[in-house]
Amino acid sequence: MSRYNEQVEAMLAQQAKGKGVNFRIVESGLKQKLMDGKIEQQDVQIAMQTARALGSMESRVLYANVKRAAEQQTK
């Protein structure tokens, strides 16, 4: 998960500095967190940014699954 965490930090820093992010690593980390059942509220925003950046159907489905998992955890 360390590469995932690095990319999330880069994504957050990107907004301030314009640093590049490898969204494939972020996508992979989100999939792992989803399988482990460790989705947090900030992951929904990260999944949305990833889906927008990649634009693939797979990334959009991942966003929907992350969002659903986060909603189930808050119930």
Side-chain angles (χ1 to χ4, degrees):
M1 285 311 237
S2 65
R3 290 184 70 190
Y4 168 76
N5 293 333
E6 289 173 9
Q7 293 302 314
V8 168
E9 289 176 20
M11 184 185 305
L12 297 174
Q14 178 186 23
Q15 296 169 350
K17 298 179 184 177
K19 188 176 179 183
V21 175
N22 187 336
F23 285 102
R24 295 291 176 194
I25 293 174
V26 174
E27 184 179 46
S28 175
L30 285 169
K31 288 177 184 176
Q32 186 63 46
K33 287 184 82 170
L34 191 59
M35 288 184 355
D36 294 343
K38 297 182 179 180
I39 294 295
E40 301 170 9
Q41 194 60 39
Q42 77 171 12
D43 294 327
V44 176
Q45 186 68 25
I46 292 167
M48 180 175 28
Q49 289 177 338
T50 302
R52 285 182 179 165
L54 295 177
S56 68
M57 184 60 71
E58 183 180 356
S59 63
R60 292 177 188 184
V61 170
L62 178 63
Y63 164 66
N65 290 336
V66 168
K67 184 176 177 184
R68 186 177 310 115
E71 288 173 354
Q72 289 177 352
Q73 287 181 357
T74 59
K75 287 183 180 179

[X] side, atom [atom1]; [Y] side, atom [atom2] - distance, nearest 0.5 Å:
X: Q7; Y: I46; atom1: CD; atom2: CD1; value: 11.0 Å
X: R68; Y: Q73; atom1: CZ; atom2: CD; value: 13.5 Å
X: Q45; Y: K67; atom1: CD; atom2: NZ; value: 11.0 Å
X: Y4; Y: E9; atom1: OH; atom2: CD; value: 11.0 Å

Practice problem: Only counting residues at least two apart or in another chain, list the ones meeting salt bridge (charged side-chain N to carboxylate O under 4.0 Å, His left out) with R24. | Solution: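 Checked R24 against salt bridge (charged side-chain N to carboxylate O under 4.0 Å, His left out); matches are E27.
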Quiz item: Can V8 be reached from I25 by stepping across I, L, V, M, F, W or Y side chains whose heavy atoms are under 4.5 Å apart?
Solution: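 No, separate clusters.
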Quiz item: Going only through I, L, V, M, F, W and Y residues with side-chain contacts under 4.5 Å, is there a path from L54 to V44?
Solution: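 Shared cluster, yes.
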Quiz item: Taking only residues at least two apart or on different chains, which pairs with a member in residues 43-60 satisfy salt bridge (charged side-chain N to carboxylate O under 4.0 Å, His left out)?
Solution: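 Checked against salt bridge (charged side-chain N to carboxylate O under 4.0 Å, His left out) - neighbours excluded - the pairs reaching residues 43-60 are K31-E58, K33-D43.
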Quiz item: Which residues, ordered by chain and number, are linked to V61 in its hydrophobic cluster, where ILVMFWY side chains connect at heavy-atom gaps below 4.5 Å, directly or through other members?
Solution: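 Cluster partners of V61: M57.
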Self-check item: Nearest heavy-atom neighbours spanning A51 and Y63
Solution: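 Smallest interatomic distance, heavy atoms only, reads CB-CB, 4.2 Å.
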Quiz item: Would you say the side chain of T50 lies within less than 4.5 Å of the side chain of L30, judging by non-hydrogen atoms?
Solution: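 Yes, close enough: below the 4.5 Å cut-off.
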Practice problem: Step by step, work out the side-chain contact (heavy atoms from CB on, under 4.5 Å) result for V66 and L62. | Solution: CA-CA 6 Å; V66 168; L62 178 63; 4.1 Å; yes
